[in-house]
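Keep in mind that this is a model prediction, so the values were computed, not measured.
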Amino acid sequence: MTYDISMTQAAPAQDAYIPRNAIDHMNPFFHKSHAHTHSHSHKEFLQTPVPRRPSVQIDASVARPLAPSPADSTISTASTAVSYTTPPATPPLAQTPTKSITDAIAWCTARARIPTPDGSEYFLHIYENTKDKKEHLAFVFGDAIRSQSLDRVQWNETELDRVKRGAYTGRLRNTVSENEQAALEANTPSAYSTGSEEQPALTSAPLVRIHSECFTGEIGHSARCDCGEQLDEAIRLMKEAGSGVVVYLRQEGRGIGLGEKIKAYNLQDLGYDTVMANLMLNHGADERTYEVAQAILEDLGLNQIRLLTNNPDKIEQVEKDSEIKVVERVPMMPKSWEAIVQGTEADFVVREGAVQDKIVKGKELDKYLKVKVERMRHMISIPTSMA
């Protein structure tokens, strides 16, 4: 089946904001290397938003097929009577329905208690899923939030097997001492843990942070971004509240991977911003997805959340095709900008670290944050001194 990719309506006017799906065709380097695949003019190429790449979705409300070839004569056209209103980012692929939340099921394979330096603790959950081969994580604070897939009884497992993967309540006992050996012979849940069948219930929507992996910002002490600062602040707020979840997704560099992210850093040193650097590497401005995050939140039984974010796209994607509702957006103001607004910049202290209270500051960070606001819709107020 072939498709008519000619324009059927005028392209909308574009302002400084770059939508997440307006990617490849705004990149002159992509245009030069893919000119043979498109028939639109250079002017149209610069002004026309395109589907986010990679994409296999076709809008059935606006696309229409050309006459089928003989090879396609056996294929029904009843469900494909559509045509693009914009050129595709890549050659048209087979029409595939949008993935639903049930197509990206995640399940918890193990969890363990993690003590922290200030005496608090959380449970680290390890998730596998049907969407990719990565192990995604959930930092769960409080005892009222539990994984349904972890608690599910597995075939032929013993009570010790359940303990090994973390499917217990309360806290584990020290069973190595001699006076505990007799209790182990009973092989009952009470022999291993202090918990009971009755678990505390959530009294309100918990804080949730959906955080994408950032090696450079969290471990490498980079001042190019505030990712490490945001992660530490989310953990601090959840400790303070006594409950919450950090869903930690393994999608480094807004989904392009660490190697490509390092290449983007070199382009940033040449003067390109974070969006244009990604485009010059033939990537989208933001290639992150949140189907796995949706599945993890559903597994934890959370359908109403208070989301720690400045990114409206994250809210839209988390709520899309799911029962999860963001009942409150909790903003995450960069600490260096907050100090400027409050007039305490003179007292501002930069703190490095990968565990707690990371605070970053610098011209490169300011440029990174301004691009988020001006080109990616992030809801942060730029200090008037920088406007």
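A side-chain donor from one of Thr116 and Asp118 sits under 3.5 Å from a side-chain acceptor of the other. For the residue pair Gln230 / Arg209, a side-chain donor-acceptor distance below 3.5 Å is found, with atom types taken as modelled. The closest side-chain donor-acceptor pair between His211 and Glu218 falls under 3.5 angstrom.
The closest donor-acceptor contact from the side chain of Glu319 to the backbone of Val326 lies under 3.5 Å.
Below 30°, between 30° and 60°, or above 60°: for Tyr168 and Phe123 the angle between ring planes is above 60°, a perpendicular geometry.
For the atom pair CE (Met386) and NZ (Lys367), the distance works out to 14.0 Å, reported to the nearest 0.5 Å. With rounding to the nearest 0.5 Å, the separation of OH in Tyr127 from CH2 in Trp107 is 12.0 Å. Separation of atoms CH2 (Trp337) and CG (Leu365) is listed at 8.0 Å; rounding is to 0.5 Å. In this structure, CD in Gln342 is found 11.0 Å from CD1 in Ile340, a value given to the nearest 0.5 Å. Atom CD of Glu328 sits about 10.0 Å away from atom CG of Leu307, to the nearest 0.5 Å. Ser120 contributes atom OG, which lies 11.5 Å from atom CD of Glu240 (distance to the nearest 0.5 angstrom).
In the hydrophobic clustering of this structure, Leu150 does not group with Ile126; members are Ile, Leu, Val, Met, Phe, Trp, Tyr whose side-chain heavy atoms approach within less than 4.5 Å, directly or through other members. With hydrophobic clusters built from ILVMFWY side chains whose heavy atoms lie under 4.5 angstrom apart, Val330 shares a cluster with Leu231. With hydrophobic clusters built from ILVMFWY side chains whose heavy atoms lie under 4.5 angstrom apart, Ile256 does not share a cluster with Ile262. Hydrophobic clustering (ILVMFWY, side-chain heavy atoms < 4.5 Å, transitive): Leu137 and Ile114 are in one cluster. Note on Leu202 and Val318: same hydrophobic cluster, where clusters join Ile, Leu, Val, Met, Phe, Trp and Tyr whose side-chain heavy atoms are under 4.5 Å apart, directly or indirectly.
Checking Lys372, Met333, Arg377, Arg329 one by one against Asn310, the side chain to side chain contact (heavy atoms under 4.5 Å, CB included) holds for a single residue, Arg329. Between Pro206 and the options Ile145, Val245, Val140, a side chain to side chain contact (heavy atoms under 4.5 Å, CB included) holds for only Ile145.
For the residue pair Arg165 and Ser149, the shortest heavy atom distance occurs at NH1-O, 4.5 Å.
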Is there a salt bridge (Lys or Arg N to Asp or Glu O under 4.0 Å) between Arg171 and Asp143 once you walk through the steps? CA-CA 10 Å; Arg171 301 296 181 270; Asp143 293 330; 3.2 Å; yes
If you apply the rule side chain to side chain contact (heavy atoms under 4.5 Å, CB included), what do you find for Glu374 with Ile382, and how did you get there? CA-CA 10 Å; Glu374 296 170 350; Ile382 300 176; 4.0 Å; yes
Check step by step if side chain to side chain donor-acceptor pair (under 3.5 Å) holds for Lys131 and Thr289. CA-CA 11 Å; Lys131 186 175 185 294; Thr289 60; 3.3 Å; yes
Checking Glu252 against Lys261 for the salt bridge (Lys or Arg N to Asp or Glu O under 4.0 Å) test, could you report, in this order, the C-alpha distance in whole Å, the side-chain angles of both residues, the deciding distance, and whether it holds? CA-CA 8 Å; Glu252 176 75 58; Lys261 176 181 175 179; 2.6 Å; yes
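Looking at heavy atoms from C-beta onward, Tyr368 lies in side-chain contact with Asp226 at the 4.5 angstrom threshold. Side-chain contact between Thr309 and Ile210: absent, with no pair of heavy atoms (C-beta onward) separated by less than 4.5 Å. His136 places none of its side-chain heavy atoms less than 4.5 Å from the side chain of Tyr248.
Using a 4.0 Å cut-off between a side-chain N of Lys or Arg and a carboxylate O of Asp or Glu, Glu316 and Lys320 do not qualify as a salt bridge. Between Lys134 and Asp132, no side-chain nitrogen of the basic residue sits less than 4.0 Å from a carboxylate oxygen of the acidic one, so the salt-bridge criterion is not met. The existence of a salt bridge linking Lys335 and Glu233 is confirmed by a sub-4.0 Å separation between a basic side-chain nitrogen and an acidic carboxylate oxygen. Of the charged side-chain nitrogens involved, at least one lies within less than 4.0 Å of a carboxylate oxygen, so that Asp151 and Arg146 count as a salt-bridged pair. Glu128 and Lys133 are not joined by a salt bridge, as no carboxylate oxygen comes within less than 4.0 angstrom of a charged side-chain nitrogen.
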